[in-house]
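Step one of this worksheet: look at the structure below.
Numbering of ligands and ligand atoms starts at 1, following listing order. This chain uses plain numbering: 1 for the first residue, then up along the sequence. Bear in mind the structure is a predicted one, so any value in this text is a computation, not a measurement.
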Amino acid sequence: MCRRCGSLTDQWLVPLTDPHKQFLAHRSEIDQAIRRVTDSGWYILGPEVENFEQEFADFLGVTHGVGVANGTDAIALALRTLGIGLGDEVITVAHTAVATVAAIEQAGATPVLVDVDPDYLTLDPSLLGEVLTSRTRAVVPVHLYGQAADVTTIRAFCDTHKLAMIEDVAQAHGATWNGSRLGSFGDMAAFSCYPTKNLGALGDAGMIVTNDPALAARARHLRQYGWVERNNSVEAGVNSRLDELQAAVLSVKLRYLDQGNTRRRVIASSYQAAFADTGWLLPHSREQAMEVFHLYVIQADDRQSLQESLARRGIQAAVHYPIPVHLQPAYASRIRTSASMARTEQAAKRVLSLPMFPELTDQDVTTVTSAVRAIVETR
Ligand SMILES: *Cc1c(COP(=O)(O)O)cnc(C)c1O
């Protein structure tokens with residue numbers, strides 16, 4: 001526990017992530033933004049939300065942003081906005097946060113999970129044909145760890161088969177593909193602004209974006225009881241609103257997103273250089289992509305002993321994700337998958353995320369690389 005500020009995150013010499021440090025880095029602007037909201041008396045769906053929705057859409061190069069309560073709701077509401085629900089199948093991956101799959105079921109649809117490609121651990125587009133049925137309505141590529149899924153090939157498949165594409169960009173705010181921001185390729189895209197994400201609020205928050213004004217309008221209705229106006233529901237909706245407070249905080253954080261992502265890439269290249277001869281599979285990027293390293297994930301056969309050795313030296317590492325979704329108790333034996341899920345199951349045994357966030361100091365990075373050198377040399 002930090003005696004000065006009460007934060008619980010300094011039990012590690014170098015933590016995996018530290019949203020509190022990011023708050024401290026921008027504290028005066030954030031405090032000012034919070035004060036503006038508390039003084040305004042307007043707390044839900046007001047000028048701060050409208051302003052952030054437009055700023056975020058402009059940042060991505062799309063026309064519409066719709067603030068919602070969290071990233072899971074953003075995916076579920078995007079699906080519902082596109083008219084996808086009961087009886088419809090939606091294809092995504094098992095190597096992702098469970099939220100992606102939970103969101104598809106929240107919309108009432110049936111998730112179908114395919115394996116990932118071995119190099120980037122994102123949806124393998126060559127498997128889409130294998131699981132396609134007459135009920136398939138959409139594909140949800142996940143831009144995992146800040147690395148782009150192959151949206152060009154996935155989009156082409158969707159166009160051929162008249163499917164919607166909804167990008168899950170919860171881990172890739174600001175990343176690009178052929179020079180355009182991820183989130184601008186799908187019919188709709190969903191973002192999470194959970195505190196540890198590249199663009200993180202001080203609580204839960206999410207965004208849906210689209211270039212289609214009719215879809216944006218429908219998402220706005222659905223997020224608030226299906227209201228077209230107060231107390232007049234045109235269709236059955238939900239309550240999934242973005243707070244004014246969180247929107248105001250996100251407006252401040254958005255100004256520093258590109259800078260933070262650049263810092264993440266600098267840290268990644270220090271890691272890359274220091275780990276070159278470890279024998280691990282290091283993250284590498286598709287040539288069309290500029291990645292944003294939400295996580296820095298290596299693949300190692302000795303994952304567990306490595307994680308333990310790092311912990312003994314005060315360095316936090318974690319596994320994203322230890323159990324593929326199709327093998328978790330809630331989903332096992334009832335979710336359809338591609339015939340082979342071997343690469344997903346293999347990745348779950350080998351992946352390890354090392355400390356990665358913009359506020360890591362050069363000293364922190366050296367602490368990590370020195371520890372790794374010491375561990376590798378004594379194994
Ligand atoms: C964080 C995350 C989500 C869900 O976001 P919440 O805001 O926690 O609901 C969805 N997909 C992926 C890939 C995520 O990392």
Between the protein and ligand 1, are there any N or O atom pairs that come within less than 3.5 Å of each other, and if so, what are their names and distances?
from, atom 1, to, atom 2, distance (Å)
ligand 1, 5 (O), Ser192, OG, 3.2
ligand 1, 7 (O), Gly71, N, 2.8
ligand 1, 7 (O), Ser192, OG, 2.6
ligand 1, 9 (O), Gly71, N, 3.3
ligand 1, 9 (O), Thr72, N, 2.8
ligand 1, 9 (O), Thr72, OG1, 2.5
ligand 1, 11 (N), Asp168, OD1, 3.3
ligand 1, 11 (N), Asp168, OD2, 2.8
ligand 1, 15 (O), Gln171, NE2, 2.8
ligand 1, 15 (O), Lys197, NZ, 2.9

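Counting side-chain heavy-atom gaps under 4.5 Å among Ile, Leu, Val, Met, Phe, Trp and Tyr, the cluster of Ile75 also holds Val66, Val68, Leu77, Leu79, Leu82, Ile84, Val90, Ile104, Val140, Ile166, Met188, Ile208, Leu215, Leu222, Val238.
In this structure, Met356 and Ala268 approach most closely via the heavy-atom pair CE-N, 3.8 Å.
Electrostatic pairing of Asp117 and Arg286 counts as a salt bridge here, judged by a charged N lying under 4.0 Å from a carboxylate O. Between Asp258 and Arg264 there is no salt bridge, since no side-chain N of the basic residue sits under 4.0 Å from a carboxylate O of the acidic one.
Paired with Tyr296 under the rule ring-ring contact (aromatic ring centres under 6.0 Å, His included), one option of Phe357, Trp280, Tyr271, Tyr145 passes, and it is Tyr271.
At least one test fails for Arg265 against the ring of Phe293: distance under 6.0 Å to the centre or angle within 45° of the axis.
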